[in-house]
Visitor: 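Take a look at this one; I'll ask things after.
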Amino acid sequence: MNAPARAIRSRYVAPIPAFADAFTAARSSLPGKEAPAIQDWRQLHFDRFLETGLPTPRVEQWKYTNIARAANVPMALATRPNVGLGDVQRYFTGGPLARRLIFVNGHLASELSHVRGLPQGVRVESLGKLLQDEPEWSARALGGPAEPHSFADLNAAFLQSGAWIELGDGAVLEHPLQLLFLTVGQPAAVMAHPRIVVRLGKEARLHLIETHIGLAPGHCLTNLVGHYELGEKARLTHDRLQLGSAGTSFVGLNRQRLAERAELKQTLATLGGALVRNETDLHLVGSFVEAQLNGVYMPIGEEHVDNVIRIHHEAPDGHSDQFYKGVMDDRAHAAFAGKIIVHQDAQRTNAFQRNDNLLLSDDAEISSKPELEIYADDVKCSHGATCGELDRTALFYLRSRGLDRAQAESILTFAFAAEVIERFVDPAVRKLARECLVARTPGGAGLSDLL
């Protein structure tokens, strides 16, 4: 083994044999099991997963998260527990005319979903059904392996279901489309591997709502991969809400490519889950692209939240804006690593990044790492990170108006995080996020009027 190979191997750990056992057991039941193209596709990715291994904190992008401790354990594929309409209706967003695909532990709940009556040029399909009914086409559409990524390869090997969303040139979905992922934890560790594929043609418009809800505590790892292709002048509004439950974990990778004059507005709130990692790899390959990424995270107890963002400006006159805020309490830990890479041809780039954090406990921790990597001359880029306690002047002002200290602290904490919550486009998503934010805020019971 040469020196570079040894260096890579030292930063990864070998998957335990239970993964190979689970893969062997699952192959006969996964969608597309009778199609050689799908079987070869799965095997290729699983072999690479075994060869690469699971990253350790010695890998720079995983510096703040020891994922092997949570993921390199015996896990079976999650089965679908019984979930009825009454269990999930309160999590419906997008209004009465919204279409929905609903998944329970990675399995499509077709009886709860509704995607009928779509306008011309709009296709929304279950990815599991496509793998089963159109395996040759699916293998070509999903494509060959990109650069190695342990969890993307693991997702491909065990891919069960997910969403295929395609809008042709000029197609517009007037009402939101909700992807609702429900997690029901189990006494023994299980895993689910859904995938989202979104392809927007020229001048297509889509409002996508992605919600992850933990219905019951227990051990369940959701490993989600998303691929997003936005054509010229396409516009995607992406509201993402994560309300995990005790013991559940989430690892997500989003790969996005934006063509000329495309627009992306994404808002993410992470308000629950034992371990949550959101990774975004965004490529602005066209000129005059607008990309706005908003995020808020509020871990409590001993929860861990890790946000990793890489934005590649590859063409001139692009604009990106990252605005992330965090609130940490108890013994919680959060991490934010945002990197902006401005390539040599990306002249006249405007790129901004801001990460503000609030610590409510002496035992809470935040690791923030903003980065700029610039190879062009004519750019306007800035980044910054802050971390601290509640503002004493603001506390004094509220107490001078008759509030006790606990009330004043609750209001300021809520207001700090709600600045991002208010950037959700859908009002039902905002309401759900506010409710969870209030429940997590110390003394939040007195903030019900703010909902």
Side-chain angles (χ1 to χ4, degrees), residues 8 12 14-55 67 71-72 75-80 101 103 105-108 110 123-166 179 181 190-200 210 221-230 250-257 279-281 283:
I8 293 174
Y12 289 79
I16 61 173
F19 281 105
D21 295 339
F23 185 62
T24 301
R27 292 190 67 167
S28 60
S29 60
L30 291 171
K33 58 183 179 296
E34 298 174 355
I38 295 297
Q39 289 294 329
D40 292 345
W41 183 76
R42 292 186 187 278
Q43 187 68 55
L44 175 65
H45 284 278
F46 187 70
D47 289 343
R48 195 167 69 170
F49 166 71
L50 293 179
E51 180 182 355
T52 303
L54 290 160
I67 192 62
N72 205 19
M75 290 184 287
L77 274 181
T79 58
R80 183 194 160 179
L101 282 177
F103 304 88
N105 282 6
H107 298 269
L108 175 69
S110 55
R123 182 184 187 186
V124 179
E125 299 273 5
S126 161
L127 195 51
K129 188 174 185 299
L130 288 176
L131 288 169
Q132 187 64 39
D133 297 345
E134 304 179 47
E136 300 293 337
W137 178 87
S138 298
R140 293 193 302 270
L142 291 171
E147 64 275 9
H149 188 287
S150 299
F151 285 92
D153 288 325
L154 187 63
N155 175 279
F158 286 96
L159 179 59
Q160 295 166 287
S161 193
W164 180 280
I165 303 163
E166 188 171 2
L179 303 179
F181 295 90
V190 293
M191 56 183 175
H193 302 275
R195 182 172 292 219
I196 301 171
V197 180
V198 176
R199 292 184 174 180
L200 303 185
E210 179 190 333
L221 169 67
T222 299
N223 174 29
L224 176 72
V225 171
H227 290 277
Y228 299 81
E229 294 276 350
L230 276 62
F250 176 90
V251 177
L253 168 65
N254 278 338
R255 288 171 169 154
Q256 302 161 322
R257 291 176 64 86
E279 183 177 351
T280 297
D281 194 11
H283 291 259

Visitor: Between the side chain of Ser138 and the main-chain N/O of Leu130, is any donor-acceptor distance below 3.5 Å?
Guide: yes
Visitor: From the options Glu147, Glu229, Glu279, select the one residue that forms a salt bridge (Lys or Arg N to Asp or Glu O under 4.0 Å) with Arg255.
Guide: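 For Arg255, the salt bridge (Lys or Arg N to Asp or Glu O under 4.0 Å) check succeeds only for Glu147.
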Visitor: Would you say the side chain of Leu142 lies within less than 4.5 Å of the side chain of Leu159, judging by non-hydrogen atoms?
Guide: yes
Visitor: Atom CD1 of Ile165 and atom CG of Leu200: how far apart are they, to the nearest 0.5 Å?
Guide: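 Going from CD1 on Ile165 over to CG on Leu200, the span is 8.5 Å.
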Visitor: Are any side-chain N or O atoms of Asn155 and backbone N or O atoms of Pro194, one a donor and one an acceptor, separated by less than 3.5 Å?
Guide: yes
Visitor: If you compare all heavy atoms of Ser150 against all heavy atoms of Pro55, which two are closest, and at what distance to 0.1 Å?
Guide: OG-CD, 3.7 Å
Visitor: Of all the heavy-atom pairs spanning Phe103 and Gly162, show the shortest one and how long it is.
Guide: CZ-O, 3.4 Å
Visitor: Less than 4.5 Å apart, any side-chain heavy atom of Phe151 and any of His193?
Guide: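 SC-SC contact between Phe151 and His193 ruled out.
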Visitor: So, for Ala37 and Glu136, which heavy atoms are closest and what is the spacing to 0.1 Å?
Guide: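 So the minimum-distance heavy-atom pair works out to CB-OE1, 3.5 Å.
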Visitor: NZ of Lys33: more than 12 outside heavy atoms within 6.0 angstrom?
Guide: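 Counting other residues, nucleotides and ligands, NZ of Lys33 exceeds 12 neighbours.
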Visitor: Does the cation-pi check pass for Arg195 over Trp41, that is, NZ or CZ under 6.0 Å from the six-membered ring centre and within 45° of its axis?
Guide: no
Visitor: Write down the atom of Leu30, the atom of Leu77, and the distance for their closest heavy-atom approach.
Guide: CD2-CD1, 3.9 Å
Visitor: Grab the two heavy atoms, one from Thr280 and one from Gln256, that are nearest each other, plus how far apart they are.
Guide: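 That would be CG2-OE1, 3.5 Å.
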Visitor: Quick one: CZ on Phe158 to CG on Asp153, what's the gap to the nearest 0.5 Å?
Guide: 12.0 Å
Visitor: Are side-chain heavy atoms of Leu54 and Leu154 found at a separation under 4.5 Å?
Guide: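 With C-beta onward as the side chain, the pair stays apart.
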Visitor: Taking the side chain as every heavy atom from C-beta outward, state whether Ile196 and Phe181 have any atom pair closer than 4.5 Å.
Guide: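 Ile196 vs Phe181: side chains touch.
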Visitor: Which pair of heavy atoms, one from Pro15 and one from Gly53, lies closest together, and at what distance?
Guide: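 The pair with the smallest heavy-atom distance is CD-CA, 3.7 Å.
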Visitor: Evaluate the side-chain proximity of Met191 to Phe19: yes if any heavy-atom separation is below 4.5 Å, no if none is.
Guide: yes
Visitor: Rounded at 0.5 Å granularity, tell me how far CG in Asp281 sits from CZ in Arg257.
Guide: 10.0 Å
Visitor: Looking at side-chain heavy atoms only, is the closest gap between Leu101 and Leu108 below 4.5 Å?
Guide: yes
Visitor: Kindly say whether Ile16 contributes a backbone atom to a donor-acceptor pair with the side chain of Asn72 at under 3.5 angstrom?
Guide: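 Here the side-chain-to-backbone pair exists.
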Visitor: Within this structure, what is the CD-CZ distance for the pair Glu51 and Arg48, rounded to the nearest 0.5 Å?
Guide: 9.0 Å
Visitor: How are the rings of Phe46 and Phe23 set relative to one another: parallel (under 30°), tilted (30 to 60°) or perpendicular (over 60°)?
Guide: parallel
Visitor: In Å and rounded to the nearest 0.5 Å, what is the NZ to CG distance from Lys129 to Asp133?
Guide: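 Between atom NZ of Lys129 and atom CG of Asp133 there are 4.0 Å.
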Visitor: With the side chain counted from C-beta on, respond yes when Phe250 and Leu224 share a heavy-atom pair under 4.5 Å apart, and no when they do not.
Guide: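 The answer is yes; the side chains approach within 4.5 Å.
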Visitor: Starting at CD of Glu134, measure out to CD1 of Ile38 and round the result to the nearest 0.5 Å.
Guide: 10.5 Å
